[in-house]
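Report on the structure given below.
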Amino acid sequence: MTDTNQRPTNEGHSSAPEHLPTQYTPAEVEETLYERWVAAGYFEAHDKSSKPPFTVVIPPPNVTGSLHLGHAFEHTLIDALTRRKRMQGYEALWQPGMDHAGIATQNVVERELAREGKSRHDLGRDAFVERVWQWKEESGGRILGQMRRLGDGVDWSRQRFTMDEGLSRAVRTMFKRLYEDGLIYRAERIINWCPRCLTAISDIEVEYQDDDGELVSIRYGDGDAAIVVATTRAETMLGDTAVAVHPDDERYRHLVGTEIELPLTGRRIPVVADPHVDPEFGTGAVKVTPAHDPNDFEIGRRHDLPSLAVLDERGVITAHGPFQGLDRFEARSAIVAALRADGRIVAEKRPYVHAVGHCSRCKTTIEPRQSLQWWVKVGPLAKAAGDAVRDGRVTIHPKEMEPRYFGWMDNMHDWCISRQLWWGHRIPIWYGPNGEVVCPGPDEEPPTGPGWRQDEDVLDTWFSSGLWPFSTLGWPDRTASLEKFYPNSVLVTGYDILFFWVARMMMFGLYAMDGVPPFPVVALHGLVRDQFGKKMSKSGGNAVDPLDWMNRYGSDAVRFTLARGANPGVDVPIGEDWVQASRNFCNKIWNATRFALMNGATVQGPLPAPDELTAADRWILSRLNATVAEADAYYEDYQFAKVSDALFHFAWDEVFDWYVELSKTTLAQGGAAATATRRVLGEVLEVMLRLLHPVVPFVTEALWTALTGRESVVVAEWPRDSGFRDAAAEAEIAAVQQLVTEVRRFRAEQGLKPGQRVPARLTLDGTVLIPHQEAIRQLLRLDPEGEDFRVTATLPVAGAVVALDLSGAIDVEAERKRLTKDLRAAEKERDQTSAKLSNEAFLAKAPDQVVGRIRERLATAEQEVTRLTNQLAALPRS
RNA sequence: GGGCGCAUAGCUCAGCGGUAGAGCGCUGCCCUUACAAGGCAGAUGUCGGCGGUUCGAAUCCGUCUGUGCCCA
């Protein structure tokens with residue numbers, strides 16, 4: 001029944017199209033197709049290829065993580081970009097891998113140990129690190145398998161991990177260079193300390209949220225020498241070493257330089273004048289705790305005050321006295337109670353809502369802590385990173401995100417890179433017995449011997465992630481991969497990690513790669529939200545496991561839904577209904593192709609010349625080429641939502657709803673026209689499948705191979721706009737659509753069943769509709785007029801007249817209602833356009849093109865008014 | 001407190017100076033031989049309020065209200 005150019009294709013389906021099931025079942029094909037792609041090596045990128053490179057790195061997922069919708073979203077976009085470029089003839093590298101996630105991973109393994117009743121200290125450092133590696137081999141990287149399910153076309157042969165040997169070399173090299181350039185230094189500062197993770201974290205790993213706290217006003221000193229200070233952290237008063245006031249504040253001028261008594265301790269502390277104190281806030285006097293507050297630390301420095309630490313690494317009071325051993329929050333209550341008993345509390349405000357920092361990993365309240373840490377001096381690096389965007393070498397999409405980037409880059413504080421962890425890149429600094437500090441490179445022997453020891457701390461995970469765009473390619477060696485694939489072509493990532501990751505890559509890339517930015521374009525996407533636009537979270541109970549949806553609806557459905565929502569930089573809501581709709585779309589493609597195969601659609605041989613084609617053929621080819629151009633334009637602009645939407649509408653509203661239906665008449669008539677249409681049908685579907693492939697790779701692969709008998713759409717050529725356009729055919733089909741729709745409306749409103757056949761006379765003289773008589777009759781279920789044909793309704797439309805014999809009275813009222821409604825609309829249009837045209841200012845100032853368009857609209861509206869008025873007049877009075 | 005957004009159909013969002021759109025949902029009819037995961041037809045909006053610019057504003061400017069995010 002068909003051409004024989006199919007070959008056995010999908011598992012589970014016989015090759016004969018009539019045996020293709022009427023429903024697409026993704027579960028049966030996806031996994032096999034993916035494994036075949038990998039086995040065929042389609043995703044492997046070759047250094048020696050003569051094709052132009054296209055490089056994109058995966059934002060490395062966390063080794064402890066599993067695929068969530070955010071990943072699925074990002075991966076869909078990157079995969080679509082990469083697949084298209086591969087089809088366009090680029091040597092496409094999508095670089096996969098993971099980061100070692102220092103804190104998160106160490107937490108996971110420590111929890112595991114805790115269940116065995118052990119701590120990492122019981123094991124010791126080496127054994128613990130060994131244990132983490134073991135965990136990584138056994139349980140880490142679950143996400144990698146899930147990426148296969150999604151269809152990610154990554155080059156698995158190049159998979160990297162931030163802790164592997166090559167990337168560790170990159171870290172060592174970078175550290176040494178920065179250190180020797182004076183851009184890495186060690187200093188004692190106030191850092192953000194997590195008393196649960198027991199490590200320092202950087203500024204951006206602190207999340208601020210409004211908490212209910214308390215604001216307590218405490219009287220320090222007595223009598224004339226009394227000063228009231230307000231604090232939300234009463235427990236730190238044990239470590240106060242001064243009270244500060246503004247130098248111009250008359251209220252306290254007489255006390256500056258004197259000492260007052262610190263309650264509960266009996267210690268005497270100085271009153272200092274510091275211009276950074278805000279005299280308007282509270283009493284205008286502040287307590288100064290240099291060891292436990294960043295601002296106080298600065299005041300302490302300026303006034304040479306001692307730093308008195310009163311909390312240990314777990315946030316427990318260490319100061320001798322009754323509060324020793326209390327947790328910081330217990331201590332707060334106890335100290336306030338003691339002060340109250342002492343008559344020192346002047347005022348209490350509770351709850352006092354204020355922003356409190358929390359550890360982004362475990363949500364524990366951050367404890368500012370004075371300590372000795374390693375830092376990256378970001379000034380020059382951030383300047384270069386900002387300039388790269390400012391001078392246009394790097395573009396941020398969408399542009400509205402640029403102010404955010406600049407705001408961050410231009411105000412960045414030095415970056416605390418040391419972490420008090422065991423899992424990570426140990427800081428490559430050795431201390432000698434006589435105070436020596438050396439930084440050996442990765443290929444140099446570290447000093448040994450008595451008294452030498454390596455720094456205990458490890459580096460922030462982002463330090464190694466920042467090197468990702470080039471460390472994965474072999475840097476610091478000048479490898480063939482680095483030559484071929486650096487810089488990356490684009491970075492696709494969420495706007496939420498613009499600071500975390502993009503900033504780091506920009507700084508490091510520019511520094512390490514001689515001023516060449518790691519990528520010319522940063523394409524930012526939004527965050528995935530639920531169907532009501534709410535943030536997804538486990539605690540909110542609205543988090544969705546993408547694997548669940550992928551299992552039930554297919555990966556293509558999830559991918560299509562995400563791509564279709566992907567407006568640049570804008571959050572994407574997703575709900576099950578939408579995934580279902582996408583699944584339906586895949587099924588529709590499946591069935592349209594099935595129809596084509598059953599009717600002998602072919603891709604063999606050249607396309608017939610235009611004069612051998614029906615108007616419908618020429619119309620759909622014209623639209624196909626326009627759609628190729630449209631998809632290309634949107635892809636180049638990272639407009640995934642628009643690409644998807646354009647393809648969806650072309651496929652469904654034009655190919656499926658009209659072209660396939662029109663082709664049925666031609667195919668039934670047989671002959672040369674049918675042969676030509678079979679070829680066009682094959683062509684349109686074949687190109688459409690290639691266009692859709694980057695977004696919905698599985699269903700398109702299954703169908704494309706069935707349709708063409710060729711190897712794989714993954715390595716097929718990306719469609720090109722042939723330039724073919726046929727305005728006449730487009731107008732002709734538009735007329736067919738107009739007439740068919742109009743008569744369908746009439747039928748529906750007259751209560752005719754869709755399948756009911758009606759005798760009709762078509763008067764098409766003088767219109768472009770003549771060749772479409774048969775198609776029109778078929779689409780509208782119109783029978784030829786017989787002997788006893790009696791006109792009961794006449795519908796003039798598109799210059800033609802359709803006379804129907806409904807064999808009985810028609811519903812005049814329904815018809816009057818319909819016509820009246822249309823007449824009103826036409827009159828409104830006529831009035832609006834003629835009003836514009838009688839406006840002198842409009843005629844004088846509007847562009848000719850616009851005026852012309854309005855004239856056309858007026859003419860059309862007038863015709864419609866006449867037509868509808870006549871039709872109404874012709875209706876029998878009821 | 002500073003910065004950046006957003007307010008368009010019941011829901012989620014496009015459109016961003018010249019006829020208000022999509023998906024889902026909704027109503028009615030239909031298992032019409034590719035597809036009921038479908039077909040056909042239909043309903044629904046003072047484009048947040050108020051000013052202004054313009055021949056013309058959902059679209060540009062100002063302002064107010066509501067709302068979200070980032071940074072302090």
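Letters A, B, ... are given to chains in the order of the sequence lines, protein chains preceding strands, and every chain is numbered from 1.
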**Request:** Please determine if a side-chain N or O atom of Arg745(A) lies less than 4.0 Å away from the OP1 or OP2 oxygen of G42(B).
**Result:** yes
**Prompt:** Quick one: does Arg583(A) reach the base of A37(B) with a side-chain donor-acceptor pair under 3.5 Å?
**Reply:** yes
**Asked** For G18(B), what is the paired nucleotide under Watson-Crick or G-U wobble rules, both distances under 3.5 Å?
**Response** C55(B)
**Prompt:** Lys588(A) side chain: which of C13(B), G39(B), C55(B) is closest?
**Reply:** G39(B)
**Request:** Please determine, for the side chain of Glu661(A), which listed nucleotide (A41(B), A34(B), C30(B)) has the closest atom?
**Result:** A34(B)
**Asked** How close or far is atom C1' of G5(B) from atom CG of Leu527(A), stated in whole angstroms?
**Response** 14 Å
**Prompt:** Out of A41(B), A34(B), C55(B), which nucleotide sits closest to the side chain of Phe842(A)?
**Reply:** C55(B)
**Prompt:** If the P atom of U59(B) is compared with that of C70(B), how far apart are they to the nearest Å?
**Reply:** 29 Å
**Request:** Please work out if Thr741(A) contacts a base, only the sugar-phosphate, or nothing of the nucleic acid, heavy-atom cut-off 4.0 Å.
**Result:** sugar-phosphate
**Prompt:** What nucleic acid atoms does Val570(A) come within less than 4.0 Å of, heavy atoms only: base, sugar-phosphate, or nothing?
**Reply:** sugar-phosphate
**Asked** Parallel, tilted or perpendicular for Phe640(A) and Tyr635(A), by the 30°/60° rule?
**Response** perpendicular
**Request:** Nearest whole angstrom, please: distance from the P of U12(B) to the CZ of Phe73(A).
**Result:** 18 Å
**Asked** Can you check the Trp658(A) CH2 to C40(B) P distance for me, whole Å?
**Response** 8 Å
**Atom pair CG (Asp645(A)) and CD (Gln639(A)), whose distance is rounded to the nearest 0.5 Å** = 11.5 Å
**Prompt:** On RNA chain B, nearest-nucleotide positions of Pro403(A) versus Gly751(A): which is more 5'?
**Reply:** Pro403(A)
**Request:** Consider the side chain of Arg404(A), meaning its heavy atoms from C-beta on, and name the nucleotide among C70(B), U32(B), C55(B) that approaches it most closely.
**Result:** C70(B)
**Item:** Given RNA chain B, 5'-ward residue of the pair His413(A) and Arg744(A), judged by closest heavy atom
**Value:** Arg744(A)
**Prompt:** Distance from Leu691(A) atom CG to Leu624(A) atom CG, nearest 0.5 Å?
**Reply:** 6.5 Å
**Prompt:** Between U12(B), A34(B), G15(B), which one does the side chain of Phe595(A) approach most closely?
**Reply:** A34(B)
**Prompt:** Within the structure shown, what part of the strands sits under 4.0 Å from Phe585(A) by heavy-atom distance: base, sugar-phosphate, or nothing?
**Reply:** nothing
**Message:** Distance check, P atoms only: G17(B) and C61(B), in whole angstrom units.
**Reply:** 11 Å
**Complementary nucleotide of G38(B), counting Watson-Crick and G-U pairs under 3.5 Å** = C30(B)
**Message:** Checking contacts here: which listed nucleotide (A72(B), A34(B), G39(B)) is nearest the side-chain heavy atoms of Ala592(A)?
**Reply:** A34(B)
**Message:** Distance check, C1' atoms only: G28(B) and A22(B), in whole angstrom units.
**Reply:** 22 Å
**Message:** Less than 4.0 angstrom between a side-chain N/O of Lys664(A) and OP1 or OP2 of A34(B), yes or no?
**Reply:** yes
**Request:** Say whether Trp590(A) and Gln23(A), considering side chains only, have a donor N or O and an acceptor N or O under 3.5 Å apart.
**Result:** no
**Message:** Tell me the interatomic distance from Leu780(A), atom CG, to A41(B), atom C1', rounded to whole angstroms.
**Reply:** 13 Å
**Prompt:** Could you give the CG-to-C1' distance, from Leu524(A) to G5(B), as a whole number of Å?
**Reply:** 14 Å
**Message:** Classify Asn567(A) by what it touches in the nucleic acid, base, sugar-phosphate, or nothing, heavy-atom distance under 4.0 Å.
**Reply:** sugar-phosphate
**Item:** N or O in side chain of Trp652(A) less than 4.0 angstrom from A37(B) OP1/OP2
**Value:** no
**Message:** Under 4.0 Å, heavy atoms only, any strand: does Lys828(A) hit a base, just the sugar-phosphate, or nothing?
**Reply:** nothing
**Asked** Atom CD of Gln778(A) and atom CD of Glu661(A): how far apart are they, to the nearest 0.5 Å?
**Response** 8.0 Å
**Request:** Could you check whether Lys753(A) gets within reach of a base, just the sugar-phosphate, or nothing at all, counting any heavy atom under 4.0 Å?
**Result:** sugar-phosphate
**Complete:** Under a 3.5 Å limit on both distances, the Watson-Crick or wobble mate of C69(B) is G3(B)
**Prompt:** What integer number of Å spans the C1' atoms of C71(B) and A14(B)?
**Reply:** 30 Å
**Message:** If you only use heavy atoms from C-beta on, which nucleotide in C69(B), G38(B), C13(B) is closest to the side chain of Asn584(A)?
**Reply:** G38(B)
**Asked** Taking the six-membered ring of Phe648(A), is NZ or CZ of Arg564(A) closer than 6.0 Å to its centre and within 45° of its axis?
**Response** yes
**Gap between atoms CE and C1', on Met409(A) and C71(B) respectively (whole Å)** = 15 Å
**Request:** Using only heavy-atom distances, determine whether the side chains of Glu654(A) and Tyr659(A) contain a donor-acceptor pair under 3.5 Å.
**Result:** no
**Item:** Residue pair Glu30(A) / Ser555(A), side-chain donor-acceptor N/O under 3.5 Å
**Value:** yes
**Prompt:** If we take the P atom in both G5(B) and G15(B), what is their distance in whole Å?
**Reply:** 15 Å
**Request:** Determine the interatomic distance between P on C69(B) and the same-named atom on C29(B); round to the nearest Å.
**Result:** 45 Å
**Arg594(A), nearest nucleotide to its side chain (from A34(B), C24(B), C55(B))** = A34(B)
**Item:** Interatomic distance at P, A20(B) relative to U32(B), whole Å
**Value:** 39 Å
**Item:** Of the listed nucleotides G39(B), G18(B), G23(B), the one nearest the side chain of Arg564(A)
**Value:** G23(B)
**Heavy-atom closest pair, residues Trp578(A) and Pro573(A)** = CZ3-O, 2.9 Å
**Message:** Using the side-chain heavy atoms of Met598(A), tell me which of these nucleotides is nearest: A22(B), G18(B), A34(B).
**Reply:** A34(B)
**Asked** How far, in whole Å, is C55(B) from A41(B) if one measures between their P atoms?
**Response** 42 Å
**Request:** Scan every strand shown for a Watson-Crick or G-U wobble partner of C47(B), both distances under 3.5 Å, and answer none if you come up empty.
**Result:** none
**Request:** Take the protein atom CZ of Arg857(A) and the nucleotide atom C1' of G56(B), then report the distance between them rounded to whole Å.
**Result:** 12 Å
**Asked** Atom CD of Glu207(A) and atom P of C71(B): how far apart are they, to the nearest Å?
**Response** 9 Å
**Message:** At less than 4.0 Å, is any side-chain N or O atom of Gln580(A) found next to OP1 or OP2 of A37(B)? Yes or no.
**Reply:** no
